[in-house]
Each structure stands twice: as structure tokens, then as C-alpha cells.
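Remarks on the structure that follows.
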Amino acid sequence: MGIKYKPEELKARREQIYEEFTRHLIPPVHYEITNYLSPDQKRIFPDVGFNLIHFGDFLPVRVHIIVEAVRDDKAVARIGGYYGGEALWNLNPRFRHSGHFSVPEQVRNDPKIRLKVSVEIIDQYDRYHNLLPVHFVYVADGDCWYFDP
């Protein structure tokens with residue numbers, strides 16, 4: 001007699017095997033929050049720039065982006081539309097998207113504005129891959145954003 005597995009054990013094993021043999025389907029993706037339009041031109045606060053780049057060479061993917069303003073590690077406001085997880089971004093190889101949104105009013109007067117960015121990549125087989133969320137902080141005195149893991 002063969003070994004009998006519970007359905008949840010089979011599913012977990014199938015997920016492990018899938019991950020091992022398909023991780024190459026997830027291309028390197030870069031994203032950032034910035035206030036620069038070009039090297040010599042900045043956006044005017046509360047307008048915020050968002051860049052998303054697919055650095056892979058061969059498979060297109062789709063992406064959900066969620067940007068939330070946070071204070072004391074708690075979400076205060078979620079950006080809507082393309083930045084609220086409501087829309088899919090089609091991301092072709094070696095392609096760059098540049099967009100923008102406004103900082104939510106609830107946090108505009110904070111001395112350091114903290115935005116949490118969560119990215120979910122959907123591969124060719126409609127499998128979802130969540131990247132670890134990261135934070136970007138705006139310092140009004142310096143009129144700049146910095147990455148804060």
C-alpha cells in the first residue's frame with residue numbers, strides 16, 4: 001500500500017514543487033517613489049511620482065500596486081485607482097511605467113510622511129507572487145524621498 005496524504009499536505013507539496021520549477025517566471029522588477037520628473041525638474045508636493053520597471057528580458061507579467069500612508073506602523077489612508085490594488089498594470093519586458101498620485105491629506109502635515117508600497121506580481125500562469133512590502137519616507141525640510149526597508 002502507498003502512503004496516504006491529506007489534501008492540505010498534497011497542496012503544500014504541489015506548491016513547493018511549483019515554486020522550485022517556476023521561480024524563473026518572476027522577472028526582476030524595480031519600483032520607487034520619487035519627486036523627480038527629470039534630473040533637473042521636481043514634482044511639487046503633494047504630487048508624488050511612481051516608477052515601475054520590468055528588468056527581465058522575456059516574459060510579460062501583470063502587477064498590482066498598493067500604496068498606503070502609514071503612521072506608527074498603522075495604515076492611515078490608501079491611495080486609490082492604480083495605486084490602491086484596484087487595477088492591473090501590464091508590464092512588458094524592459095518596459096518602464098511612470099505615474100503619479102497625491103499624498104493623502106491625512107498625513108500631509110506630518111514631519112516625515114511614510115508610504116508603504118506592496119507589490120504583487122502575477123505570472124504567465126496566473127499565479128500570484130507577493131513581494132515584501134517596503135517603505136518610502138518624505139522629509140519636507142529636504143524635499144526628498146528615501147527608501148526605508
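For reference, positions follow the sequence shown, starting with 1.
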Gap separating the [atom1] atom of [X] from the [atom2] atom of [Y], nearest 0.5 angstrom:
X: Q124; Y: I26; atom1: CD; atom2: CD1; answer: 9.5 Å
X: E120; Y: R62; atom1: CD; atom2: CZ; answer: 10.0 Å
X: Y31; Y: W89; atom1: OH; atom2: CH2; answer: 12.5 Å
X: H97; Y: H54; atom1: NE2; atom2: NE2; answer: 10.0 Å
X: I122; Y: N90; atom1: CD1; atom2: CG; answer: 9.5 Å
X: F101; Y: R43; atom1: CZ; atom2: CZ; answer: 9.5 Å

Q. Checking side chain to side chain contact (heavy atoms under 4.5 Å, CB included) for the pair F50/I65: CA distance, chi angles, key distance, verdict?
A. CA-CA 10 Å; F50 186 84; I65 305 290; 3.9 Å; yes

Q: Name all pairs fulfilling the side-chain hydrogen bond (donor to acceptor under 3.5 Å, both in side chains) condition that reach into residues 70-88, sequence neighbours left out, sorted by first residue then second.
A: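 As it turns out, the side-chain hydrogen bond (donor to acceptor under 3.5 Å, both in side chains) pairs with a partner in residues 70-88, which skip direct neighbours, are R71-D110.
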
Q.
Just checking N130: does its CG atom have more than 12 heavy atoms from other residues, nucleotides or ligands closer to it than 6.0 angstrom?
A. yes

Q | Neighbour count >12 (heavy atoms, 6.0 Å) for atom NZ, K116 | A | no

Nearest heavy atoms of [X] and [Y], plus distance in Å:
X: G84; Y: I66; result: C-CG1, 4.0 Å
X: P27; Y: L59; result: CG-O, 4.4 Å
X: L115; Y: W145; result: CD1-CH2, 3.4 Å
X: P133; Y: S118; result: CB-OG, 3.7 Å
X: R108; Y: S102; result: NH2-CB, 3.8 Å
X: A87; Y: H64; result: O-CD2, 3.5 Å

Q: Decide yes or no for S98 and N51: does some side-chain heavy atom of the first lie under 4.5 Å from some side-chain heavy atom of the second?
A: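 Contact flag for S98/N51 side chains = yes.
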
Q. Are P60 and N92 close enough that some pair of their side-chain heavy atoms sits under 4.5 Å apart?
A.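 Contact flag for P60/N92 side chains = yes.
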
Q) Going by distance alone, is a donor N or O of one side chain under 3.5 Å from an acceptor N or O of the other, for Y128 and D123? A) no

Would you say [Y] ends up clustered with [X] if hydrophobic residues are merged whenever their side chains have heavy atoms under 4.5 Å apart, either directly or through other cluster members?
X: L52; Y: F147; value: yes
X: L91; Y: L88; value: no
X: V139; Y: V107; value: no
X: V76; Y: V67; value: yes
X: F45; Y: I33; value: yes

Q) How is the hydrophobic cluster of V70 composed, in terms of its other members, when Ile, Leu, Val, Met, Phe, Trp and Tyr link through side-chain heavy atoms under 4.5 Å apart, directly or indirectly? A)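 Members alongside V70: none; it stands by itself.
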
Q. Who else is in F55's hydrophobic cluster (ILVMFWY, side-chain heavy atoms under 4.5 Å, direct or via others)?
A. I53

Q: Go through Y138 and D143 one step at a time and tell me if the side chain to side chain contact (heavy atoms under 4.5 Å, CB included) criterion holds.
A: CA-CA 7 Å; Y138 178 74; D143 188 27; 2.6 Å; yes

Q: List the steps, then state whether side chain to side chain contact (heavy atoms under 4.5 Å, CB included) holds for F136 with V117.
A: CA-CA 8 Å; F136 293 86; V117 180; 3.8 Å; yes

